[in-house]
> 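The following block contains the structure, expressed as structure tokens.
Scope of the values below: all heavy atoms of this structure, side chains included, with no hydrogens, waters or symmetry mates. Naming: A, B, ... by sequence-line order, numbering from 1 per chain.
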Number of protein chains: 2
Amino acid sequence: MTNRTAENIFDKLVDGIVAGKMIPGEPLAEKALAEQFGVSRTPVREALHRLEQSNLAERGSRRAFFVRKMKAADLAELFEAVGEVESALAALAAHRLTEIERQSLTAILEEGRICDDPQAYGEINARFHATIKSGARNSALAATLDDLNLRTLAWRAANFHENTNRLATSRVEHQAITEAILAQDAEATRSLMRSHVASSYVVVADILARREP
Amino acid sequence: MTNRTAENIFDKLVDGIVAGKMIPGEPLAEKALAEQFGVSRTPVREALHRLEQSNLAERGSRRAFFVRKMKAADLAELFEAVGEVESALAALAAHRLTEIERQSLTAILEEGRICDDPQAYGEINARFHATIKSGARNSALAATLDDLNLRTLAWRAANFHENTNRLATSRVEHQAITEAILAQDAEATRSLMRSHVASSYVVVADILARREP
DNA sequence: CATCTTGCATATGTATACATATCCTTTCAA
DNA sequence: TTGAAAGGATATGTATACATATGCAAGATG
């Protein structure tokens with residue numbers, strides 16, 4: 001009876017949207033999804049409401065759900081928001097990281113320096129950001145970042161695949177951020193992290209511009 | 001058939017929690033609430049899930065919902081998060097407010113200067129912050145602030161009631177913020193707004209400390 | 001007497017039936 | 001031929017019945 005059904009449906013729908021299998025604008029009918037997943041409408045309803053709250057789905061007339069269309073302007077706002085929140089977390093982390101976490105950050109940096117595989121680098125990148133996020137010691141702000149990031153996930157995934165220069169750029173930026181954190185310079189950290197997110201947005205915006213001129 | 005029932009239940013529960021009628025730790029049983037409001041469990045379920053996502057409710061064993069207990073440390077985190085997000089919005093607004101919005105901000109400031117009624121000032125305060133929030137031109141970040149604020153609402157309400165000095169302090173801080181915005185000094189605005197939220201937290205923390213020593 | 005096991009009470013998860021609103025199609029009239 | 005109105009089709013909102021897991025209590029056994 002455990003709530004695995006609704007949870008599974010939600011995860012599958014998120015995966016589908018993030019992986020681009022579900023086209024923006026595509027209707028998400030309760031009945032159709034229920035039949036597709038072989039469950040009743042109830043857990044599907046729950047999953048759809050969670051999608052809506054995560055801003056991955058919208059409702060139109062007839063209160064029907066559909067995959068949210070992300071306009072270029074929306075994505076710009078989102079990345080700006082991520083930049084502000086993540087840079088705030090980084091600034092806090094600059095003063096709050098433990099000695100062990102500082103060493104860990106340095107180790108992750110080194111791992112990234114010698115890694116050339118885009119996929120592996122993506123995982124290292126994730127650990128770098130996770131360390132800073134948890135090191136800020138503010139779960140409310142961290143949860144906020146997770147919420148925002150969920151919506152950019154589909155786009156961020158392309159970051160290290162479609163642009164080879166991005167990997168080198170990311171390394172340099174990570175190095176600068178790490179140095180600022182180790183120096184406990186909160187404002188420098190904030191500024192560098194904001195730039196880092198902005199530069200990752202440039203790649204995404206470029207991809208978007210080529211897709212929808 | 002419109003989704004007014006679940007929406008109403010949610011609003012009523014939020015009001016109850018914010019107004020302090022529902023004690024933290026109090027169980028929120030679907031069946032009991034359904035009978036209390038004279039509806040079925042379905043819309044109650046939906047409302048409870050939304051409460052959980054807003055972090056106003058938690059689930060324990062047996063997956064039962066209960067009103068979230070806000071510890072002092074949680075509240076500190078929350079206000080820190082609000083401070084970071086709202087100061088980010090203010091910094092953006094410093095460069096993005098239209099001329100009309102600048103004049104509006106000045107007018108609100110003047111209204112606050114000549115107002116001595118705590119309740120009326122609370123409304124003016126809300127408009128001051130709303131103007132900055134919408135002036136930042138980032139709906140994702142604005143929605144993030146709304147999310148965070150929902151959880152501090154119960155505490156913020158006490159701000160202008162239990163402490164008379166708070167009103168005078170708020171006025172001075174609003175003035176400084178407005179001046180920084182009018183000067184389009186984003187970093188000064190950010191810093192001032194962060195301090196402003198922090199000083200409103202001091203009042204709340206003080207109340208909390210007296211309640212639970 | 002204490003502890004473990006078993007069974008019941010109850011709360012939530014899921015399925016389904018019913019109510020209702022919206023949209024689209026069809027038909028009738030101008 | 002076109003437009004408007006009415007009715008049906010269908011999708012979501014709500015209610016309720018059934019399934020199942022969890023916690024507590026009572027009884028049996030060591």
Side-chain angles (χ1 to χ4, degrees), chain A residues 1-17 21-70 143 150-151, chain B residues 1-17 21-70 143 150-151:
Chain A
M1 155 218 187
T2 50
N3 185 12
R4 229 172 31 249
T5 311
E7 198 80 16
N8 277 338
I9 305 289
F10 176 75
D11 289 342
K12 283 179 183 172
L13 288 175
V14 169
D15 287 347
I17 293 174
K21 286 171 199 155
M22 323 204 67
I23 306 300
E26 183 172 330
L28 296 165
E30 288 178 2
K31 193 181 171 187
L33 291 171
E35 286 173 2
Q36 179 182 336
F37 291 115
V39 297
S40 82
R41 279 175 48 209
T42 310
V44 172
R45 262 183 85 73
E46 203 173 307
L48 287 175
H49 280 91
R50 287 187 53 192
L51 274 186
E52 186 192 18
Q53 101 200 207
S54 300
N55 264 289
L56 287 171
E58 270 183 337
R59 336 191 52 159
S61 60
R62 217 175 189 170
R63 304 188 67 72
F65 288 94
F66 52 87
V67 182
R68 186 188 178 85
K69 289 181 186 172
M70 186 86 78
L150 184 62
R151 290 184 255 166
Chain B
M1 152 216 185
T2 51
N3 185 12
R4 228 172 30 247
T5 310
E7 197 80 15
N8 277 338
I9 305 288
F10 176 75
D11 289 342
K12 283 178 183 173
L13 289 175
V14 169
D15 287 346
I17 293 173
K21 285 171 200 155
M22 323 204 66
I23 308 299
E26 184 172 328
L28 296 165
E30 288 179 2
K31 193 181 171 188
L33 290 171
E35 286 172 4
Q36 180 182 335
F37 290 115
V39 299
S40 82
R41 279 176 49 212
T42 311
V44 171
R45 263 184 85 74
E46 202 173 310
L48 287 175
H49 279 89
R50 288 188 53 191
L51 273 186
E52 186 192 18
Q53 99 197 213
S54 300
N55 263 289
L56 288 172
E58 270 182 337
R59 338 192 50 162
S61 60
R62 218 176 189 166
R63 304 188 68 72
F65 288 96
F66 53 88
V67 181
R68 185 187 180 85
K69 289 182 186 172
M70 184 86 76
L150 184 62
R151 290 184 257 167

> Calculate the interatomic distance between A/R41 atom CZ and C/dT16 atom P; express it in whole Å.
12 Å

> Return no unless some side-chain N or O of B/R59 is found under 4.0 Å from OP1 or OP2 of C/dG13.
yes

> Which nucleotide, D/dG13, C/dT12, C/dT14, lies nearest any side-chain atom of B/A29?
C/dT12

> What is the separation between atom CD on B/E30 and atom P on D/dA17, rounded to the nearest whole Å?
16 Å

> Any side-chain heavy atom of B/I23 within less than 4.5 Å of one from B/V67?
no

> Rounding to a whole Å, what distance do you find between B/K31:NZ and C/dA9:C1'?
11 Å

> Just the rounded figure in Å: distance from P of D/dA11 to CG of A/L48.
14 Å

> Answer whether the closest heavy-atom distance between the side chains of B/L13 and B/L56 falls below 4.5 Å.
no

> State whether A/S40 places a side-chain N or O below 4.0 Å from either non-bridging phosphate oxygen (OP1 or OP2) of C/dA15.
yes

> With respect to the phosphate group of D/dA15, does any side-chain polar atom (N or O) of B/T42 fall under 4.0 Å of OP1 or OP2?
no

> Return the value, rounded to whole Å, for the distance between atom NE2 of B/H49 and atom C1' of D/dG13.
17 Å

> Which whole-number value in Å describes the distance from A/E46 CD to C/dT12 C1'?
10 Å

> To the nearest Å, give me how far apart CG (B/N8) and P (D/dG13) are.
14 Å

> According to salt bridge (charged side-chain N to carboxylate O under 4.0 Å, His left out), does anything in residues 33-43 of chain A pair up with another residue at least two apart or in another chain? List the pairs.
A/E30-A/R41

> Can you sort out the partners of B/E58 under side-chain contact (heavy atoms from CB on, under 4.5 Å), two or more places apart, ordered by chain and number?
B/F66, B/R68

> Please check the phosphate of D/dG13 (OP1 and OP2 only) for any side-chain N or O of A/R45 closer than 4.0 Å.
yes

